[in-house]
Number of protein chains: 2
Amino acid sequence: MSNIPSRGGDLSRLRQLNSLSAIKALRGNGPVTLSALAELTGLSRPSTKEVVDELMELGWVEEVPPAPGTMGRPARRYRFRADGGHLVGIDIGAHNVRAALADLDGNVLAETRQAARPDAPLGERMATIERTVSGCLSLSGLTTADLWTVAVGTTGLVDTQGHIKLSAAIPAWNGLDLAASLQEMFPCDVLVENDSRLAALAESRRGVARGSRDVVFLHVGRRMGTGLIIDGKLHRGFGAAAGEIVMLPEAGWLTAPEELNDSGIVPAGMPPEDAAGYTLAAARNGDPIAREAVERYAEKLAIGTAAAVLLLDPEIVVLGGGFSRSADVLLPPLRARLEAVCLRIPELRGSTLGDECVVLGAIDYAIDHLDRQFFTADEPALRPPFPQEPVS
Amino acid sequence: MSNIPSRGGDLSRLRQLNSLSAIKALRGNGPVTLSALAELTGLSRPSTKEVVDELMELGWVEEVPPAPGTMGRPARRYRFRADGGHLVGIDIGAHNVRAALADLDGNVLAETRQAARPDAPLGERMATIERTVSGCLSLSGLTTADLWTVAVGTTGLVDTQGHIKLSAAIPAWNGLDLAASLQEMFPCDVLVENDSRLAALAESRRGVARGSRDVVFLHVGRRMGTGLIIDGKLHRGFGAAAGEIVMLPEAGWLTAPEELNDSGIVPAGMPPEDAAGYTLAAARNGDPIAREAVERYAEKLAIGTAAAVLLLDPEIVVLGGGFSRSADVLLPPLRARLEAVCLRIPELRGSTLGDECVVLGAIDYAIDHLDRQFFTADEPALRPPFPQEPVS
DNA sequence: CTTATTATTAAGGAGTCCATCATTAGTACA
DNA sequence: TGTACTAATGATGGACTCCTTAATAATAAG
């Protein structure tokens, strides 16, 4: 019954529903003929026509030239106007700020990255963010006025309101109302989330976990975190603190990276951010000491992972973050330990999205937000479309 | 967008939606006047009337005498015919088999319980089940033909198909296709689930966790288990193995009850099933040795609980199962340990449903099943109502 | 140039919902 | 007892959305 709206519907409601399913079909399938759309939505051709006409008038849909070379009268083709609005995803890490500009279909149009000092004061960091985003926008000749939503992923504990309760990696973040600060910068919806959770979302939408409804994402790198996709949705928890298994003392995740950093074979003078990678590479090449270090690391990793797998029984576990490049080295020992404990072993895969994981997740998060707004059940039939470009 | 059906709708679809929201309102609010129903569903009076007439014709709804003593013309009142079908919930434990008969609103009409030997052979156990249920039915003068759904909760690992993969407590269960066996006994839908999960469902629907969307239920007693309610729904996991945190070696849940059973103060000769209760009672009365045993128990309990809380950030954690009668003794040490580890402490409460927890959860599970069937999106507009009693 | 194929357009019909108004059944009070 | 008041009921007409069917238009193939 939960799928049934508690309030009954009007005739116009029916049209809204049909318009939305048409939009959904158009977004998912590229340019589409009217007949195909009718097939997809289950409506009759005349009704489909009427719906599409309305959507075109609103600016949501546009016509594209018919595909030549077919038998019979060529069918008119329509497509969703993904370029009618824009979304920005931002990944604010301790050492880097990344931004990506996307259209309403989530296609990335431009990307920028800028280094940052972890201990930079707040003003400097905000300026870095602003530069990164505006660089991204200028690549496509846009301004912040063209943005519909900005979604941000950052390290630390972000509450439901976008306050940062705690951030070990970025001192200036502690206690900041990041959502409010960014709101001053961008005149559109601003969403703030934990970076691991957004990475999980990206993997479940366009990464190795695509199609899986229950996903556990392990963010392994210099910092550790997890993100959970449950029943196809990002799980935030009541206080937006879900996925913080890193705090479980018995798993030892807080100190786990040290096993790789201080494995004893890392050459002196190597920058600390490369140490773990060195150990992992050595393990791949068969160095016995490195292998032992990896084993110890995997053992700790396995405890928290086993807790997540036993509790949630996900379809797939995705290994992401900085160390995911070494998934070939990490996954076998991790799998071995899970097999000893878990009742059903989920699929174990390394991330394929790499460093862009969080930005992409932020974009997907913004798209989810957009989708929720498409039809908010109470007031606006269809969200006002393109205020900046009046239709004839 | 996930809330929007991908297939567009018909006029009849709109009527279906409205019928369903009417049923939903009628089920939730007891006898209701037409005006009130119109208010609840958001439909106009004439439309509401038409919907209700249709539902009455189908047999879903009936009229009740108007409430006297009001100003103006007395309004006709309608109510959902909860007695039009019946559900049975069964709790198959190692030592007991419980059954409860409920109407379509989940009101319990009759209840039975029968002792069982844990190591009884399969035939004997199935006979016990049959007797328990038929006793329950005869109390209300019904037969299995009146049943719409039978939902069963039992100890052990139940897969998505209703096979029992593993059951330590009931040897005869191992490898059994319980759903198929029960299907021979009952000519209706049969659902099989893990008992802890059903208990969790009951707590979230009619227990202390009512209204919470994210719940962690701890089944503590001679056996341990957990059930998760996530986003208001029972979380089963991809292979229906969710909630088995008991298998995590680091938490020591498998051996945790021994701390209470072998606390050193239990009088010799006391039956093993009363030992833990004795220790808990002694701790409540201040016995220092018992308190230490409870502390050790709580410490183990806290590890697995912390894992669940950190991962899921639930609104509330419910302590259920046999030891929940001693929640006053168990919760304080558990809370103390969670506070040391968790970022946000959820509400901690003891169960109030007691021994009936699993049966009630089974009934709620059957109701969920019914609700899913009310409108299955493809074929049947409204599920055929009361085949056994033809309407004029 | 004709035929086959496919898409488009238009007209008629059915179902659902809403707003409005006269009618009805009860209570309250003189 | 009889009248005024109150609130629900029932019926009518209009508006909207969708469907089916049939006629029309545009292109490729022969």
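Scope of the values below: all heavy atoms of this structure, side chains included, with no hydrogens, waters or symmetry mates. First the proteins, then the strands, lettered A, B, ... as listed; each starts at 1.
When the C1' atom of D:dA15 is taken as reference, atom CG of B:L11 falls 13 Å away, rounded to whole Å. When the P atom of D:dC16 is taken as reference, atom CG of A:N18 falls 17 Å away, rounded to whole Å. One atom, OH of B:Y78, and another, P of D:dA8, lie 13 Å apart when rounded to the nearest Å. Rounded to whole angstrom, the span from the CE atom of B:M71 across to the C1' atom of C:dA28 amounts to 6 Å. Taking atom CZ of residue A:R13 and atom C1' of nucleotide C:dG15, one finds them 19 Å apart after rounding to whole Å. Atom C1' of nucleotide D:dC18 and atom CD of A:E54 are separated by 14 Å, given to the nearest angstrom. To the nearest angstrom, C1' of C:dA7 lies 14 Å from CG of A:L37. Atom-to-atom, CG of A:L14 to C1' of D:dC19 comes out at 12 Å; the value is rounded to the nearest Å.
The phosphate of D:dG10 has OP1 or OP2 within less than 4.0 Å of a side-chain N or O from B:R76. A close approach under 4.0 Å does occur between a side-chain nitrogen or oxygen of A:K49 and OP1 or OP2 of C:dT9. Taking side-chain N and O atoms only, A:S47 has no distance below 4.0 Å to OP1 or OP2 of D:dT17.
Residue contacts for A:P46: at a heavy-atom cut-off of 4.0 Å it reaches a base atom on one of the strands shown. Nucleic acid contact class of A:S35 (heavy atoms, under 4.0 Å, all strands): sugar-phosphate only. Counting any heavy atom pair closer than 4.0 Å across all strands shown, B:T70 reaches sugar-phosphate atoms only and no base atom. Nucleic acid contact class of A:R45 (heavy atoms, under 4.0 Å, all strands): base.
The shortest side-chain heavy-atom distance between B:R79 and B:D105 does not fall under the 4.5 Å cut-off.
Interatomic distance, B:R205 CZ to B:I229 CD1, rounded to the nearest 0.5 Å: 6.5 Å. Note that CG of A:D371 and CG of A:D364 are 10.5 Å apart. Values are rounded to the nearest 0.5 Å.
The pair A:E193-A:R236 meets the salt-bridge criterion, since a charged nitrogen lies less than 4.0 angstrom from a carboxylate oxygen.
Judged by distance alone, with hydrogens and angles left aside, B:R15 brings no side-chain donor or acceptor close enough to the base of C:dT16 to form a pair under 3.5 Å.
Comparing C:dT23, D:dT27, C:dT27 by their nearest atom to the side chain of B:R73 picks out C:dT23.
Of the candidates B:V150, B:V192, B:V190, B:V190 is the only one forming a side chain to side chain contact (heavy atoms under 4.5 Å, CB included) with B:Q183.
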